[in-house]
Peer 1: 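Take this structure first; my questions come after.
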Amino acid sequence: MLKYWEDNPEPKATDSEIAFIETRIGSKLSRPYIEFITKYGSVIFGRDSERRCFFDYVITFPNRMEIHEGDIAFLREPMRLLQAYENLITPEYEGDEHKPCFPSNYLPVGSDSSQGQILLELGEHAGRVWYWLERDWAWGTEDNTWLGFIADDFYGFINKLRS
């Protein structure tokens with residue numbers, strides 16, 4: 001996977017882009033995520049010879065835990081990351097039943113092969129990686145009430161990817 005990314009480079013985040021993101025979101029990005037996007041960039045997953053793009057995530061309900069499989073298609077370029085964050089968090093009008101899609105202390109750093117999001121937690125547990133499976137309803141309503149836990153940090157996420 002790393003060799004594929006080195007041989008097929010994608011745009012890498014700059015220090016000024018990282019600073020701009022942190023200013024806009026009002027929070028520091030985690031060191032593992034910064035190191036990854038400045039070294040490898042906004043990569044595409046599943047194009048390496050082993051096609052690694054799948055991961056397990058855990059949903060913790062009050063009475064049980066479930067393990068499911070998700071996938072990642074790509075990481076967002078820095079400015080598109082901010083655009084996605086604002087689009088997924090900000091209601092379009094008062095009473096918008098579809099936004100926010102997830103809590104505002106999660107940053108959508110990547111996307112799965114559909115509309116699901118790979119989220120980087122901000123705040124107290126900054127850097128943890130979560131999965132939001134696309135839902136039609138605003139966060140906390142109908143069936144949009146959970147996030148799937150993937151890893152404690154971005155390195156853990158990358159290391160969990162499998163064919």
Side-chain angles (χ1 to χ4, degrees), residues 1-15 17-18 20-22 24-25 27 29-60 65-89 98-122 125-137 139 143-163:
M1 199 164 45
L2 298 177
K3 178 157 178 28
Y4 176 83
W5 293 332
E6 289 169 356
D7 293 345
N8 300 277
E10 294 291 338
K12 295 172 179 54
T14 64
D15 291 341
E17 288 173 324
I18 291 166
F20 183 73
I21 291 169
E22 290 176 338
R24 288 285 297 273
I25 65 173
S27 184
L29 296 172
S30 66
R31 175 66 36 209
Y33 175 72
I34 291 171
E35 289 174 357
F36 187 89
I37 61 171
T38 55
K39 182 172 183 175
Y40 298 105
S42 303
V43 298
I44 299 171
F45 292 84
R47 292 192 176 165
D48 59 303
S49 61
E50 295 181 3
R51 300 196 179 284
R52 292 183 201 171
C53 64
F54 296 100
F55 57 85
D56 288 333
Y57 62 94
V58 177
I59 306 168
T60 303
M65 289 176 60
E66 294 180 2
I67 299 174
H68 296 267
E69 182 179 75
D71 70 276
I72 182 169
F74 61 87
L75 290 179
R76 287 191 173 81
E77 294 178 29
M79 294 308 109
R80 292 188 185 268
L81 181 153
L82 285 174
Q83 183 181 24
Y85 179 67
E86 291 169 6
N87 287 342
L88 292 165
I89 295 300
H98 305 286
K99 308 250 179 81
C101 295
F102 43 80
S104 62
N105 63 316
Y106 293 88
L107 190 65
V109 297
S111 183
D112 67 9
S113 56
S114 184
Q115 301 277 338
Q117 303 296 313
I118 308 304
L119 304 173
L120 192 65
E121 187 172 350
L122 306 171
H125 300 287
R128 294 193 302 185
V129 183
W130 296 80
Y131 180 60
W132 175 74
L133 188 61
E134 189 268 332
R135 299 286 189 234
D136 288 334
W137 298 97
W139 177 253
D143 64 346
N144 192 9
T145 57
W146 58 265
L147 297 175
F149 178 75
I150 303 172
D152 285 322
D153 64 31
F154 205 74
Y155 292 138
F157 169 65
I158 295 296
N159 290 329
K160 283 186 170 186
L161 293 176
R162 65 178 189 283
S163 302

Peer 1: Please report the closest heavy-atom contact between Ser113 and Asp71, naming both atoms and the distance.
Peer 2: N-OD2, 2.9 Å
Peer 1: Could you tell me whether the side chain of Leu147 reaches within less than 4.5 Å of the side chain of Tyr57, counting heavy atoms only?
Peer 2: no
Peer 1: Quick one: closest heavy-atom pair of Ile89 and Pro100, and the distance?
Peer 2: O-CB, 3.2 Å
Peer 1: A quick test of your reading: do over 12 heavy atoms of other residues, nucleotides or ligands sit less than 6.0 Å from CZ of Arg51?
Peer 2: no
Peer 1: Give a yes or no on whether the backbone of Ile118 and the side-chain of Tyr106 come within a donor-acceptor separation of less than 3.5 Å.
Peer 2: no
Peer 1: Heavy atoms, side chains only, cut-off 4.5 Å: are Thr60 and Met65 in contact?
Peer 2: yes
Peer 1: Look only at the side chain of Asp48 and the backbone of Arg52, and say whether a donor-acceptor pair between them is shorter than 3.5 Å.
Peer 2: yes
Peer 1: Do Phe20 and Leu82 have side chains that get closer than 4.5 Å, going by heavy atoms?
Peer 2: yes
Peer 1: Any chance you could measure Glu86, atom CD, to Leu81, atom CG, to the nearest 0.5 Å?
Peer 2: 10.0 Å
Peer 1: Looking at CZ of Arg162 and CD of Glu50, how far apart are the two atoms once the value is rounded to the nearest 0.5 Å?
Peer 2: 13.0 Å
Peer 1: Is the shortest side-chain heavy-atom distance between Tyr40 and Leu75 below 4.5 Å?
Peer 2: no
Peer 1: Looking at Gly148 and Ile59, what are the two nearest heavy atoms and their distance?
Peer 2: CA-CG1, 4.3 Å
Peer 1: Lys160 side chain to Ala151 main-chain N or O, any donor-acceptor pair under 3.5 Å?
Peer 2: no
Peer 1: State, without any angle test, whether Asn144 and Trp132 hold a side-chain donor-acceptor pair at a distance under 3.5 Å.
Peer 2: yes
Peer 1: Would one find more than 12 heavy atoms of other residues, nucleotides or ligands at under 6.0 Å from atom CG of Asp7?
Peer 2: yes
Peer 1: Without swapping roles, check the side chain of Glu17 against the backbone of Met79 for a donor-acceptor pair under 3.5 Å.
Peer 2: no
Peer 1: Are Thr145 and Arg135 close enough that some pair of their side-chain heavy atoms sits under 4.5 Å apart?
Peer 2: no
Peer 1: Just so I know, are the side chains of Met1 and Leu161 near enough to count as touching, which here means a heavy-atom distance under 4.5 Å?
Peer 2: yes
Peer 1: What's the separation between atom CG in Asn105 and atom CG in Leu120, rounded to the nearest 0.5 Å?
Peer 2: 10.5 Å
Peer 1: Pick from Trp130, Phe45, Tyr131: which one makes a ring-ring contact (aromatic ring centres under 6.0 Å, His included) with Phe55?
Peer 2: Tyr131
Peer 1: To the nearest 0.5 Å, what is the distance between CD1 (Ile150) and CZ (Arg128)?
Peer 2: 12.0 Å
Peer 1: Suppose we call two aromatic rings close when their centres sit under 6.0 Å apart. Are Phe157 and Phe154 close by that rule?
Peer 2: yes
Peer 1: Which atom names give the shortest non-hydrogen contact between Ile21 and Pro78, and what distance separates them?
Peer 2: CD1-CB, 3.6 Å
Peer 1: For a quick test of reading the model, state the closest non-hydrogen atom pair linking Leu29 to Glu22 and the distance between them.
Peer 2: N-OE2, 3.0 Å
Peer 1: Start with the C-alpha distance between Ser111 and Phe74, add both sets of side-chain angles, then the distance that settles side-chain contact (heavy atoms from CB on, under 4.5 Å), and finish with yes or no.
Peer 2: CA-CA 6 Å; Ser111 183; Phe74 61 87; 3.4 Å; yes
Peer 1: In the structure I gave you, are the side-chain heavy atoms of Ile37 and Val109 within less than 4.5 Å of one another anywhere?
Peer 2: no
Peer 1: Is it true that a side-chain atom of Asp112 and a backbone atom of Gly70 form a donor plus acceptor pair closer than 3.5 Å?
Peer 2: no
Peer 1: Verify, without hydrogens or angle tests, whether Ser30 (side chain) and Ala126 (backbone) share a donor-acceptor contact under 3.5 angstrom.
Peer 2: no
Peer 1: Step by step, work out the side-chain contact (heavy atoms from CB on, under 4.5 Å) result for Asn8 and Arg47.
Peer 2: CA-CA 10 Å; Asn8 300 277; Arg47 292 192 176 165; over 6 Å; no
Peer 1: Looking only at heavy atoms, which two atoms of Leu119 and Pro108 are closest? And how far apart?
Peer 2: CD2-CA, 3.7 Å
Peer 1: Measure from the side-chain N and O atoms of Lys99 to the backbone N and O of Asn87, and report whether any donor-acceptor pair falls under 3.5 Å.
Peer 2: yes
Peer 1: Working to the nearest 0.5 angstrom, can you tell me the gap between Ser42 OG and Glu10 CD?
Peer 2: 7.5 Å
Peer 1: Taking only Lys NZ, Arg NE, NH1 and NH2, and the carboxylate oxygens of Asp or Glu, determine whether Arg31 and Asp153 approach each other closer than 4.0 Å.
Peer 2: no
Peer 1: Please check: side-chain N/O of Arg76 versus main-chain N/O of Gly110, any donor-acceptor pairing under 3.5 Å?
Peer 2: yes
Peer 1: Going from CD1 on Ile18 to OG1 on Thr38, what distance comes out if it is rounded to the nearest 0.5 angstrom?
Peer 2: 5.5 Å
